Structure formats: structure tokens, C-alpha cells
Amino acid sequence: MIEWGPILLRIAGCWLYLMARLCGYTDGVQKESQRHVVIIGGGVVGLCSAYYAMQEGWRVTVLEREERSEEGCSYGNAGMVVPSHFIPLAAPGMIAKGMRWMLNPESPFYVKPRLSIDLMRWGIAFWRHANEEHTERCKALLAEMSLRSRRLFEELQEGADFGLQKRGLLMLCKTQKALDGEAEVAAMANALGIKAEVCDRKRTAELDPGVEMDVQGSVWFEQDCHLEPNRFMEMLERKVEAGGGEIRYGAQVVGSEREGDKLKAVMLEGGEKVEADAVVVAAGAWSPDLARIFGAQVLMQAGKGYSLTLPHPVQLPELCSIFTEAKVAITPMGQALRFAGTMEVGGNDLSVNPRRVQGIIKSVKEYFPQFDVSHFEGVDAWAGLRPCSPDGLPYIGKLSQYGNVVVATGHAMMGLSLGPVTGQMVADILGGEGVDTRLAVERF
């Protein structure tokens with residue numbers, strides 16, 4: 001005779017264990033008693049940090065100062081994953097080039113003159129790092145981070161479609177001088193394990209037959225990718241919330257509560273207190289303001305960029321590309337085509353400068369002759385703020401004043417591209433691992 005009592009008890013035990021796992025219990029420990037990390041910033045770096053922290057067993061609350069929208073810097077960018085971008089923003093020749101561009105109201109770079117101690121300190125630090133020695137010291141680090149991030153994008157793509165296209169990127173050059181310069185970069189890339197091919201006109205046309213190009217040649221970076229940023233962000237939100245994480249919009253941090261060398265809680269506008277075992281500052285261009293709340297300083301400036309998206313372009317490239325001389329990025333996104341560019345250092349100002357936008361539009365016909373200025377009529381320009389450190393490297397590490405506050409910001413144009421690897425590094429730091437001193441928050 002079958003004894004149903006023990007069998008039913010075992011079935012009930014299995015069912016309870018399964019329910020516990022689904023509800024966030026692990027080995028009898030409730031989710032509420034897990035370590036709790038508050039992540040300030042709901043952009044790509046904040047959500048990637050949330051996702052990878054959850055993989056390491058943290059309970060996560062994401063606080064985003066803005067209401068839910070698709071207007072942030074993580075949505076309107078060029079959507080590129082670029083191992084090719086291993087040379088930091090503070091590169092040799094950038095000071096002289098920037099001075100020339102300052103005289104042109106439609107150029108890709110501009111610094112708005114203003115009385116600001118922070119801007120002066122940032123400018124001096126940028127000048128000190130814009131040299132060969134700094135590039136040589138950092139290029140292998142950026143290459144390693146980018147290739148690792150690319151692998152993580154591939155992992156995230158499994159079971160989630162956010163339009164990842166692994167077709168490479170073309171650096172399109174109008175002049176032989178520009179092509180020769182990009183060929184030098186290609187040689188450095190190949191030495192770092194990043195595949196790069198110098199192409200003439202014919203080879204360039206073969207690689208992307210979807211668009212007519214008027215160029216001298218190009219460099220094809222085979223491992224670069226592109227995706228649709230809004231779909232990627234939506235996927236991250238789903239993953240965080242499906243894993244039990246909380247994302248709160250319209251939650252602005254205005255204060256903090258300390259206990260010894262630990263940050264015990266953050267205070268929200270309206271008086272609410274959110275307690276935490278650890279805090280991550282991943283608020284992009286607003287990170288320096290948050291650091292000040294915690295009694296720290298992060299040397300950074302906001303670099304405004306613009307994008308315009310044609311829903312029905314006259315031609316649709318198959319690869320993403322960059323107009324080398326004009327510094328404009330071009331990305332196919334489904335049936336639409338996005339053009340993005342400029343770097344305006346002018347504070348946390350999101351107003352649109354029509355002359356800078358015209359600079360982007362005018363450059364298109366020079367490289368893609370089938371396009372015309374009239375194609376952009378009625379297309380609204382999007383503006384976003386990139387968080388720029390003065391040496392071109394992100395800040396990823398702990399604040400020295402606290403044992404439980406991690407900063408992850410300062411990625412400039414590489415926020416999306418380095419989002420996954422940054423999130424994984426943040427999770428590692430929360431778990432007690434160290435960080436490369438070149439990325440230290442207080443390195444200036």
C-alpha cells in the first residue's frame with residue numbers, strides 16, 4: 001500500500017521551495033533581508049549596474065530624477081558599440097583642433113566661455129592629458145573594456161531582441177589626409193586585437209551597397225556593432241523589474257544620512273528616506289551635483305550632443321559609419337536613419353543650438369550625395385548631455401570618504417558602448433573587488 005503522507009509532504013516542500021525562489025527567497029532568507037543597493041540614475045549605466053548587481057544577489061532600487069520618458073542621453077544617442085574607439089577623448093592634437101573649431105559656429109566642437117572654477121580645472125586637466133603618453137597608457141584598457149562589453153551585449157541579446165547588428169563600422173574619409181590618419185589608427189587597433197581594414201572607394205562601396213558614398217576611402221572596424229537604444233533600454237528595464245528590482249521615476253536625491261564611514265540612506269525631494277547597504281552614483285552629467293551632496297568632488301563637464309532621425313531616408317545604409325572630418329555618426333535603426341554629432345561643453349543646458357544642428361545636416365550631402373538638406377525639414381533635433389571626464393576615461397570606483405559608495409560615470413560618447421562592462425565592474429566592486437587606478441574617482 002502506498003503511503004501518500006510522506007509523498008504529499010515532499011511535493012508540498014518542493015512547491016514551497018519553488019515559490020520561495022520565485023518570490024525572492026534563497027535558502028530560507030527573504031529577499032527583504034538581502035543586501036540592498038540604491039542606484040542613482042536610470043540611464044544605461046545605472047540599469048546595467050542594477051542588472052549585474054542583481055546577478056550577484058543584491059536587492060536593487062533604481063532612483064531616476066526625471067519622469068519616465070525616452071528623452072535622456074541613453075535613448076537619443078547613435079546606438080553604437082565601438083571597440084574601435086580606444087583612443088581617449090583627450091588625445092594628441094585635440095587642443096589645436098578644438099581651437100580651430102571654436103571659430104566656426106557650425107563646427108563639431110565648442111566650449112561656451114563662462115566664469116567657472118570647475119570648467120577651468122577641467123580644461124587644465126584636459127590639456128595635461130592630451131598627449132601621446134596618455135593615449136599609450138590608456139588605449140589597451142579602453143580596448144579591453146570595449147571588447148568585453150561587446151561580448152556582454154551578445155549575451156544580453158540571447159532571448160531579447162534590441163536590434164543588435166554585428167556588421168562593423170566604417171570610418172568614412174573625404175580626403176587622403178584623413179584616410180592616412182585613420183590608417184594609423186587601424187594599425188594600432190590591429191595591434192590591440194581589434195580588427196581593422198583600410199579600404200579604398202571600391203571596397204567601401206562593396207561593404208555597404210545600400211548607400212551611395214562620395215569618399216576617398218574608409219577604415220572598416222569589423223567588430224563594431226549598432227543597435228536601437230530605446231529597445232535596449234526597454235529590455236534592461238524589463239530584466240531589472242522581472243528580477244524583483246524596483247525602478248522609481250521622478251525620485252530626486254537631495255540629501256544623505258551617514259553612519260561612520262558608510263552612507264546609511266539617501267533623502268528624496270519631499271522628505272522620504274531610502275535606506276541602503278550600498279549606493280551607486282550613475283547619474284551621468286548630474287553626477288558631480290550628487291557627489292557634492294555626499295561631500296565629494298567629481299571633475300566633469302557635460303558635453304551636449306544632437307541627433308536627428310529620418311523615419312524614411314532616401315537611402316538606408318547597412319552599416320553604421322562616422323564622417324571622419326565632420327565628426328558625425330550615422331546609424332540605421334530599423335527602417336529609420338539617425339545622424340548624431342557635436343560636442344558642446346556648456347554646462348547642463350539642453351537647449352538646441354540651430355547653427356550646430358545645421359553643421360550636422362550640411363555634412364550629410366558631402367558624404368551621401370543622394371541626401372539633401374530639404375530631407376531634414378520638419379525633423380526635430382534631439383539634445384542630450386554626455387558626462388565628460390577631462391582625460392577621456394570613465395570614473396568607476398569607490399568614493400574615498402565612504403566604504404559603500406560607488407561612482408560609475410564620465411563615459412562621454414561611450415556610455416552605451418561601455419554600459420554592460422561598467423555594470424559588471426560595479427557589481428564586482430560591490431562584491432569587494434578592486435578597480436584599476438586609472439579609473440579611480442579621485443585621480444585628479
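Predicted model only: the values in this text are computed from it and were never measured.
For Met102, the CE atom counts as densely surrounded, since its 6.0 Å shell holds more than 12 non-hydrogen atoms of other residues, nucleotides or ligands. The neighbour count for Glu144 CD, taken as heavy atoms of other residues, nucleotides or ligands under 6.0 Å away, does not exceed 12. By the 6.0 Å contact criterion, CD on Glu318 is enclosed, its count of non-hydrogen atoms from other residues, nucleotides or ligands being greater than 12. The number of heavy atoms from other shown groups lying within 6.0 Å of NZ (Lys365) is above 12. Other residues, nucleotides and ligands contribute over 12 non-hydrogen atoms within 6.0 Å of the CZ atom of Arg68. No more than 12 heavy atoms of other residues, nucleotides or ligands lie within 6.0 Å of CD in Gln335, so this atom counts as exposed by the packing criterion.
Checking His85 against Ser146 by side-chain atom types alone, no donor-acceptor pair falls below 3.5 Å. For the residue pair Arg356 / Ser107, a side-chain donor-acceptor distance below 3.5 Å is found, with atom types taken as modelled. At a cut-off of 3.5 Å, with distance as the only test, no side-chain donor of Glu182 or Thr324 sits close to an acceptor on the other residue. For the residue pair His411 and Thr422, a side-chain donor N or O sits within less than 3.5 Å of a side-chain acceptor on the partner. Side-chain contact check for Ser374 and Asp372: at least one donor-acceptor pair (N or O, by modelled atom type) lies under 3.5 Å.
Minimum interatomic distance between Val215 and Cys173 (heavy atoms only, all atoms of both residues): CB-O, 3.4 Å. Across all their heavy atoms, Asp214 and Pro369 have their closest contact at N-CD, 3.9 Å. Of all heavy-atom pairs between Cys138 and Arg438, the closest is CA-NH1, 4.5 Å.
No donor-acceptor pair under 3.5 Å is formed between the side chain of Arg238 and the backbone N or O of Ala160. Judged by distance alone, the side chain of Asp200 and the main-chain N or O of Gly217 form no donor-acceptor pair under 3.5 Å. In this structure, the side chain of Glu325 does not engage the main chain of Ala178 through any donor-acceptor pair within 3.5 Å. Gln315 contributes a side-chain N or O that, together with a main-chain N or O of Glu212, makes up a donor-acceptor pair within less than 3.5 Å. Looking at Glu246, its side chain never comes within 3.5 Å of a backbone N or O of Thr61 through a donor-acceptor pair. Not a single donor-acceptor pair under 3.5 Å links the side chain of Ser307 to the backbone N or O of Phe339. In this structure, the side chain of Lys174 does not engage the main chain of Phe323 through any donor-acceptor pair within 3.5 Å. When atom types are taken as modelled, the side chain of Thr331 and the backbone of Arg338 share no donor-acceptor pair closer than 3.5 angstrom. A donor-acceptor pair is defined here as one N or O able to donate and one able to accept, closer than 3.5 Å; such a pair exists between the side chain of Trp122 and the backbone of Cys388. A donor-acceptor pair under 3.5 Å is absent between the side-chain atoms of Thr437 and the main chain of Ala440, judged by distance alone.
Proximity of Met413 to Met343: side-chain heavy atoms (C-beta onward) are separated by under 4.5 Å at one or more points. Val38 places a side-chain heavy atom less than 4.5 Å from the side chain of His36. Residues Ser287 and Val298 form no side-chain contact, since every pair of their non-hydrogen atoms from C-beta on lies 4.5 Å or further apart. Side-chain contact between Phe126 and Leu89 is present, with at least one heavy-atom pair separated by less than 4.5 Å. The side-chain heavy atoms of Asp436 and Met145, taken from C-beta on, include no pair separated by under 4.5 Å.
A tilted orientation is assigned to the rings of Phe153 and Phe232, their planes being inclined by 30° to 60°. Ring orientation note: the planes of Phe371 and Phe368 are tilted relative to one another, at an angle of 30° to 60°.
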* Quick one: do Phe294 and Gln401 satisfy side chain to side chain contact (heavy atoms under 4.5 Å, CB included)? Show the steps, please. => CA-CA 9 Å; Phe294 303 148; Gln401 301 97 318; over 6 Å; no
* Begin from the C-alpha positions of Leu236 and Phe162 and carry the test side chain to side chain contact (heavy atoms under 4.5 Å, CB included) through to its verdict. => CA-CA 10 Å; Leu236 286 174; Phe162 45 84; over 6 Å; no
* List the steps, then state whether side-chain hydrogen bond (donor to acceptor under 3.5 Å, both in side chains) holds for Ser116 with Asp118. => CA-CA 5 Å; Ser116 167; Asp118 288 343; 5.2 Å; no
* To do: Under the side chain to side chain contact (heavy atoms under 4.5 Å, CB included) rule, what do Asp289 and Arg292 come out as? Steps first, then yes or no, please.
  => CA-CA 5 Å; Asp289 296 336; Arg292 289 188 189 98; 2.9 Å; yes
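Distance check, rounded to the nearest 0.5 Å: CG of Asp224 to NZ of Lys195 gives 12.5 Å. Here the straight-line distance linking atom OG1 of Thr342 with atom CZ of Arg355 works out to 14.0 Å at 0.5 Å rounding.
Sorted by first and then second residue, the pairs that involve residues 385-397 and meet side chain to side chain donor-acceptor pair (under 3.5 Å), not counting sequence neighbours, are Ser389-Asp391, Asp391-Arg443.
For Lys362 and Glu106, the salt-bridge test passes: some basic side-chain N is under 4.0 Å from an acidic carboxylate O. Ion pair Glu154/Arg150 flagged as a salt bridge, since at least one NZ, NE, NH1 or NH2 atom sits closer than 4.0 Å to an Asp/Glu carboxylate oxygen.
Residues meeting the side chain to side chain contact (heavy atoms under 4.5 Å, CB included) test with Gln176, sequence neighbours left out: Leu179, Asp180, Gln216.
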